[in-house]
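This report concerns only the one structure given below.
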Protein chains: 2
Amino acid sequence: MAENGRTSGNETLLFLTDDQLRKGIEAMFFAYRGFTADPDRILSDKGYGRAHHRAIHFINRTPGTTVNNLLSILGVTKQSLNRVLRTLIEDGLVKSEVGTRDKRERHLYLTATGSELEQELSNAQRDRMRAAFRQTGPEAVAGFRQVLEAMMDSDMRRHFARLKETGV
Amino acid sequence: MAENGRTSGNETLLFLTDDQLRKGIEAMFFAYRGFTADPDRILSDKGYGRAHHRAIHFINRTPGTTVNNLLSILGVTKQSLNRVLRTLIEDGLVKSEVGTRDKRERHLYLTATGSELEQELSNAQRDRMRAAFRQTGPEAVAGFRQVLEAMMDSDMRRHFARLKETGV
DNA sequence: TTGGAATGTCAACAAGGCTGACATAAAATC
DNA sequence: GATTTTATGTCAGCCTTGTTGACATTCCAA
C-alpha cells in the first residue's frame, strides 16, 4: 500500500486516503465528459471534432500565434495539427498569414466565421461551468482551480500561467 | 455578452466573469492532460490505451459487473467496449463468467494479472493526485470535488454517487 | 556558404470512437 | 406454447485524431 492517510507526524489527513484519491480520480473522469459534452454536440453537427475546438480555442486566445506555439500548447504532432488547420483554413474559419519578420512562420487568426463558431462553442462550455461555479460558490471554485493547477505537468502549467495573464 | 459577473441583486460575483470561467475551462484542459499522462505512459508500453484503463478501472471497482452496466458507465457502444474487453480477456487480464440467475449476462472480473496492472495504473494516477491534494490542502480538495460533481451530466453523477458509497 | 529551424506535404498506420446488420440464447410476456 | 424483448457477441466499414518516417522548401543565423 502506497498511502494510508497518515503523515509521519501522526497527523491524520483524511483527504489523502486511497479512497479519497480514488473519488478524485473518478470525479475527474465523469466531469471531463460533462465538460466536453456540449461543444462535442455542436461540433459533430458541423462535421468537426474536439481537435478543431482546441485549435479554435487557442487561436482565439492568442491571435497571431504561430503553428509551433500551438503545437506546444496542444501537445500533438505537427502532422496531426496540420490536418485540422488545413480543414479550418479551407472552410474559411482560420486564416494563416506569413510572418513579416520571420517569413517561415505562419500566424494564425480566426476569421469572422471562425469567431462565430468560437463564440457558440465557448458559450456552451461556459454555461455549464457557470452553473457549476454558481452552485458551489467562490471558495469551492478557488479550490477547484488550485487542485487542477497542481495536477498539471510543468510545461502545461507554464502555458496555463501565461494564458491566465491574458485576461478579457 | 452572456455574463458580466453581476446578479440582478447587484452583488458582484467575480468568480463568475467570463474571464474566470475561461480560466476554469483552460485549467480543466491542461489538468486532464496531466491526469492521464502517467497511466498513458504505462499503458503504451504494454500495447494498451486509455480505453483499456477505463475498463480495468471500473471492473476493479465493481467486480462482477455486467457488460451493460459497464457500457452505461463508460458511455461507449458495445462494439467499442467489446473490442477492448476481447483483448483483455485474451490476454488473461479479465475473466468473463456467465450469470447464474440470468444466463444472458456476463459478469466481469479482473484476474490476478489484471489486478496487478490495475494497481500499477492506479498507483501512478494516485501519486499525482496525492501530490496535488497535499499541496493544496483539504479545503481546496473539497472545492475541487464539489465543482467537478456539479459539472457532470446527471447520468454520470448518478454513477459517481453510486461508486462513492463503495469505499475501500 | 552552410547548417539548422520552421513549416508543409505525402504516405502509411493504429487506437478507438461510430453505425448498421445479423446471430444467439435466455428471459419475459402474451 | 408462441412471441417479443433483452443481453451479448460479431462482422464489416467508416471517421477522427493520434502516431512515425521521409522529403521539400524557405529563410534566418553563424
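In what follows, every heavy atom counts, from backbone to side chain, and hydrogens, waters and symmetry copies are set aside. Naming convention: chains lettered A, B, ... in sequence-line order (proteins, then strands); numbering from 1 in each chain.
Of all nucleotides listed (D:dG18, D:dT8, C:dC18), C:dC18 comes nearest to the side chain of B:V76. With distances taken from any side-chain atom of A:R86 to the nucleotides D:dG9, C:dT9, D:dG18, the minimum falls on C:dT9. Comparing atom distances between the B:E105 side chain and each of C:dG8, D:dT19, D:dT8 picks out D:dT8 as nearest.
A:D91 contributes no side-chain N or O that, together with a main-chain N or O of A:L93, makes up a donor-acceptor pair within less than 3.5 Å.
Going from atom OG1 of A:T62 over to atom NE2 of A:H107 covers 11.5 Å, rounded to the nearest 0.5 Å.
Considering only side-chain N and O atoms, B:N68 lies nowhere under 4.0 angstrom from the phosphate OP1 or OP2 of D:dT6. Between B:T77 and C:dC18 there is a side-chain polar atom (N or O) within less than 4.0 angstrom of OP1 or OP2. OP1 or OP2 of C:dG16 sits under 4.0 Å from a side-chain N or O of B:H52. Neither OP1 nor OP2 of D:dT8 sits under 4.0 Å from any side-chain N or O of B:N82.
The distance between atom CG of A:L81 and atom C1' of D:dT20, rounded to the nearest whole Å, is 17 Å. If you measure from atom OH of A:Y48 to atom C1' of D:dT17, you get 16 Å, rounded to the nearest angstrom. To the nearest angstrom, P of C:dG16 lies 15 Å from CG of B:L70. Whole-Å rounding puts the B:R50 CZ to C:dG17 P distance at 10 Å.
Put simply, the side chain of B:R104 and the base of C:dA27 share no donor and acceptor less than 3.5 Å apart. Residue side chain A:Q79 reaches the base of D:dG21 through a donor-acceptor N/O pair under 3.5 Å, judged by distance alone.
Checked by atom type, the side-chain pair B:N69/B:T65 shows a donor-acceptor distance below 3.5 Å.
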